[in-house]
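Just so you know, these numbers come straight off a predicted model, no measurement behind them. Side-chain atoms are counted along with the backbone in the values below, which use heavy atoms only and exclude waters and symmetry mates. All residue numbers refer to positions in the sequence shown, counting from 1.
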Amino acid sequence: MNKRIIILPGDGIGKEVTAEGKKVLEKIAALFVHQFEFEEATIGHDAIEKTGTALPDESLAKMRTCDAILFGAVGHPKYDNDPTLKVRPEQGLLKMRKELGLYANLRPIKLFDELLGASSIKPEILKGSDILFFRELTGDVYFGEKVKSADGNTASDLMIYHRYEVERIAHKAFQAARTRRKKVTSVDKANVLESSRLWRETVNIVAKEYPDVQLEHQFVDTAAMKLIQNPRSFDVVVTGNLFGDILTDEASQIAGSMGMLASASVGDKVGLYEPIHGSAHDITGKGIANPLASILSAALLLDISFGMKKESAALIAAVELSLKQGYRTVDIADPKTPKDKVLNTQQMGKRVVDNIGAKAGQDMTALNTGAFVASVS
Ligand code: IPM
Ligand code: MN
């Protein structure tokens with residue numbers, strides 16, 4: 001197949017990890033005889049420096065016509081404590097999500113057995129955890145009206161959902177659940193919020209079309225607790241933009257490290273794939289960032305946007321094999337990891353590239369995103 005992929009490195013470690021994501025895609029193309037054409041585009045602080053805006057029209061135009069996007073991260077510490085700066089890196093990300101109609105953000109929480117010891121949660125609680133989050137991505141308080149009073153003493157962000165926004169993501173979640181353990185947990189705060197009551201009412205209506213899938217509702221505070229108390233009790237979780245942002249950072253600890261978590265943002269047309277970790281300026285330029293989240297995002301890209309199941313599975317198997325061989329980046333190493341097995345970003349990327357196609361005799365596991373693929377394309 002011929003495919004055009006936009007690499008969107010963005011800021012901080014985004015540049016370092018997408019470079020490795022690109023290398024694994026090149027290896028897959030060579031091995032499975034595909035033509036992948038790569039082009040770069042700019043976003044975030046990087047774009048502000050180059051063009052004065054966080055998402056130049058040129059970047060957006062490239063993305064509208066490509067087959068898939070591999071994205072790094074946006075953000076820069078200079079904006080974090082300075083509310084006077086009106087042009088901000090995150091605006092680029094939010095605008096991109098909205099403009100490309102990327103309303104469903106899939107965040108699979110898949111724990112590789114090799115990393116059972118890397119989490120701060122007890123191994124016996126974690127073992128076998130496999131959760132698929134559907135975070136709504138283009139609504140909620142992220143996109144509701146923002147107001148600051150004239151005297152500067154009051155500010156508000158409108159938390160708003162429209163029925164159709166809840167319906168479309170709920171359908172995606174139920175469809176995916178059908179190919180997994182047939183359970184959906186919908187997370188809201190319906191005991192307090194009107195927008196959550198609409199969310200719950202809508203999910204209940206959609207659920208009628210999926211009588212074979214078990215639906216439960218949880219309040220977000222309870223869900224936050226249950227996630228670390230009993231992660232295996234979750235299969236598919238569907239929730240709004242803000243709750244999904246917070247809960248998936250928490251859930252990343254089930255997978256050992258933020259550095260392991262990939263995500264897929266899909267919706268109207270083109271799919272965008274990105275690690276859930278941010279730009280991480282504290283480690284930028286040190287070469288120690290974990291590239292596996294970007295590499296696993298590339299695996300999601302192959303699976304969901306290109307329908308390349310074998311290729312995606314081969315890539316995930318290569319990650320698994322690299323971990324089995326004992327290789328770790330510093331975020332997933334433990335005191336027992338031998339020094340020569342602790343790799344930097346590029347070394348880990350190369351290790352995975354070299355392991356693609358290697359026969360390790362183990363089963364290939366997938367990130368288990370289910371039939372979602374068929375329903376996006
Ligand atoms: C994420 C990030 C973004 C979000 C930030 C960078 C705006 O935390 O993708 O989870 O809040 O959505
Ligand atoms: Mn986040």
Side-chain angles (χ1 to χ4, degrees), residues 1-8 17-18 21-22 24-29 32 34-38 63-72 93 96-97 100-110 130-138 168-180 184 235-238 244 248 255 260-276 292-320 352 356 364-377:
M1 276 198 232
N2 277 5
K3 296 286 181 192
R4 206 169 128 250
I5 302 169
I6 301 292
I7 305 285
L8 196 64
V17 298
T18 48
K22 182 178 173 203
V24 298
L25 287 170
E26 283 169 338
K27 173 77 183 269
I28 291 282
F32 290 84
H34 298 299
Q35 300 287 327
F36 292 165
E37 192 192 311
F38 296 94
M63 290 190 264
R64 286 191 203 283
T65 56
C66 72
D67 296 306
I69 304 157
L70 186 71
F71 168 54
L93 177 59
M96 174 172 71
R97 287 173 177 168
L100 299 177
L102 302 169
Y103 64 83
N105 184 218
L106 281 75
R107 297 188 163 184
I109 313 289
K110 162 110 182 116
D130 179 2
I131 310 173
L132 178 58
F133 272 87
F134 280 81
R135 169 189 175 195
E136 198 289 327
L137 204 58
T138 53
R168 62 187 180 182
I169 189 137
H171 277 292
K172 299 292 181 205
F174 280 104
Q175 284 159 13
R178 272 196 167 150
T179 70
R180 296 172 45 104
V184 169
D235 177 15
V236 171
V237 179
V238 62
T248 51
M260 294 300 298
L261 241 63
S263 87
S265 302
V266 294
D268 292 343
K269 200 173 159 267
V270 68
L272 178 139
Y273 301 85
E274 59 174 307
I276 84 150
L292 294 179
S294 180
I295 288 172
L296 291 169
S297 298
L300 287 175
L301 180 157
L302 293 166
D303 177 350
I304 296 177
S305 277
F306 298 170
M308 296 179 180
K309 297 273 177 207
K310 275 200 318 280
E311 291 83 340
S312 177
L315 184 45
I316 295 163
V319 169
E320 201 159 33
V352 175
I356 297 173
M364 285 181 177
T365 50
L367 287 174
N368 209 359
T369 50
F372 189 72
V373 186
S375 60
V376 237
S377 47

### Message
Test of understanding: with side-chain hydrogen bond (donor to acceptor under 3.5 Å, both in side chains), list the residues that count as partners of T18, not counting sequence neighbours.
### Response
none
### Message
Go through it in stages, so that I can follow the logic: the residues are I304 and L106, the test is side chain to side chain contact (heavy atoms under 4.5 Å, CB included), and I'd like the CA-CA distance, side-chain angles, deciding distance and then a yes or no.
### Response
CA-CA 11 Å; I304 296 177; L106 281 75; 4.1 Å; yes
Measure the [atom1]-[atom2] distance between [X] and [Y] for me, rounded to the nearest 0.5 Å.
X: I316; Y: D303; atom1: CD1; atom2: CG; result: 7.0 Å
X: N2; Y: F36; atom1: CG; atom2: CZ; result: 9.5 Å
X: L261; Y: R107; atom1: CG; atom2: CZ; result: 8.0 Å
X: L302; Y: L25; atom1: CG; atom2: CG; result: 5.5 Å
X: S294; Y: K22; atom1: OG; atom2: NZ; result: 12.0 Å
X: I6; Y: L70; atom1: CD1; atom2: CG; result: 11.0 Å

Donor-acceptor contact present, side-chain [X] to main-chain [Y], <3.5 Å:
X: S312; Y: K309; answer: no
X: D67; Y: I5; answer: no
X: Q175; Y: A177; answer: no
X: N105; Y: A264; answer: yes
X: R168; Y: Y103; answer: no

### Query
Going by heavy atoms in the side chains, are L93 and F71 under 4.5 Å from each other?
yes
### Task
Determine whether P108 and L296 make a side-chain contact, defined as any pair of heavy atoms from C-beta on separated by less than 4.5 Å.
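Side chain of P108 against side chain of L296, heavy atoms only: no contact under 4.5 Å found.
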Indicate the atoms forming the closest heavy-atom contact of [X] with [Y], along with that distance.
X: R180; Y: V236; answer: NE-CG2, 3.8 Å
X: G72; Y: E274; answer: O-CB, 4.4 Å
X: S263; Y: S297; answer: N-OG, 3.7 Å
X: L137; Y: L102; answer: CB-O, 3.3 Å
X: E311; Y: I28; answer: O-CD1, 3.5 Å
X: S305; Y: Y273; answer: OG-OH, 2.7 Å

### Task
Report the C-alpha separation of V352 and L315 in whole Å, then their side-chain angles, then the decisive distance to 0.1 Å, and conclude whether the side chain to side chain contact (heavy atoms under 4.5 Å, CB included) test is met.
CA-CA 8 Å; V352 175; L315 184 45; 4.1 Å; yes
### Message
side chain to side chain contact (heavy atoms under 4.5 Å, CB included) for L100 and R64? Distances and angles first, verdict last.
### Response
CA-CA 7 Å; L100 299 177; R64 286 191 203 283; 4.1 Å; yes
### Query
Between F306 and F32, is the ring centre distance below 6.0 Å?
no
### Member of I131, V237, I276 meeting the side chain to side chain contact (heavy atoms under 4.5 Å, CB included) criterion with I109
I131
### Query
What's the verdict on side chain to side chain contact (heavy atoms under 4.5 Å, CB included) for L8 and M96, showing C-alpha distance, side-chain angles and the deciding distance?
CA-CA 11 Å; L8 196 64; M96 174 172 71; 3.5 Å; yes
